[in-house]
Amino acid sequence: MNHWLMKTEPTTFGVDDLARAPKRTTMWDGVRNYQARNMLRDEFARGDRALLYHSSCEVPGVVATMRVVRAGYADPTAFDRRHRHYDEGSDPANPRWYAVDVQLERRLRRVITLTELRAHATRELSKLLLLQKGSRLSVMPVSEAHFDFILALE
DNA sequence: GCCAACGTTGGC
DNA sequence: GCCAACGTTGGC
């Protein structure tokens, strides 16, 4: 089983939206980065666990855990002309972009803030991709040890 | 293949 | 709003 960290801007779609969604499940669409696409397409599997991370907000940090309930499939928003993530270069016969479905597992009792994660950046979390200089991936792998360590901070 | 210009991300 | 860092685009 893989572990992941998935970023979202709460003003666009945050943990509150996920909690209200039918079956607390949503399609994770709109990823338009090839490295992230490869992970969604090739590595995400049903049953994988993920940390939900709020970015570009007052208190960036991990706010919930999620479960991958559907592995990678062609991102339908890429085929929708009216959608802001439309990409005329994505051919349904050979999709360029991929989505997965995720379900809210548990909202954390409090936000594990980026500041707090950084406090461990020289030791336990030194390899955490999120903390690497220039890291901007919206979807990234997290080792099981890091995953557990972060949740233990709660 | 190089690289400048541009757009995006995301913390602050 | 600022700005560093990165990805993409396109001219050459």
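Note on naming: letters A, B, ... go to the chains in the order of the sequence lines (proteins, then strands), and numbering restarts at 1 for each one.
- Straight-line distance from the CG atom of A:Asn33 to the P atom of C:dT8: 6 Å, rounded to whole Å.
- Atom CG of A:Leu114 and atom C1' of B:dC12 are 11 Å apart (whole Å).
- In this structure, A:Glu58 atom CD and B:dG10 atom C1' are separated by 15 Å, rounded to whole Å.
- Note on A:Asp101 versus A:Arg46: no salt bridge recorded, every NZ/NE/NH1/NH2 to OD/OE distance being 4.0 Å or above.
- Distance A:Lys133 NZ to B:dG11 C1': 13 Å, rounded to the nearest Å.
- A:Ser56 comes within contact range of at least one nucleobase, with a heavy-atom separation under 4.0 Å.
- In this structure, the nucleotide among B:dC12, C:dT8, B:dT8 sitting nearest to the side chain of A:Arg136 is B:dT8.
- Between A:Trp28 and A:Phe13, the angle of the ring planes goes over 60°, which puts this pair in the perpendicular group of the 30/60° scheme.
- Atoms CD (A:Glu9) and C1' (B:dG11) sit 12 Å apart, rounded to a whole Å.
- A:Gln35 places its CD atom 15 Å from the C1' atom of B:dT8, with the value rounded to the nearest Å.
- In this structure, A:Tyr34 places its OH atom 11 Å from C1' of C:dT9, rounding to the nearest Å.
- Between the CD atom of A:Gln132 and the P atom of B:dG10 there is a distance of 15 Å, rounded to whole Å.
- Both A:Ile112 and A:Leu151 belong to a common hydrophobic cluster when Ile, Leu, Val, Met, Phe, Trp and Tyr are linked at side-chain heavy-atom distances under 4.5 angstrom.
- Counting non-hydrogen atoms under 4.0 angstrom, A:Arg32 reaches nothing in the nucleic acid.
- In this structure, of B:dG10, B:dG11, C:dG7, it is B:dG10 that holds the atom nearest to the side chain of A:Lys7.
- Classification of A:Asp17 and A:Arg24 as a salt-bridged pair fails, no side-chain N sitting under 4.0 Å from a carboxylate O.
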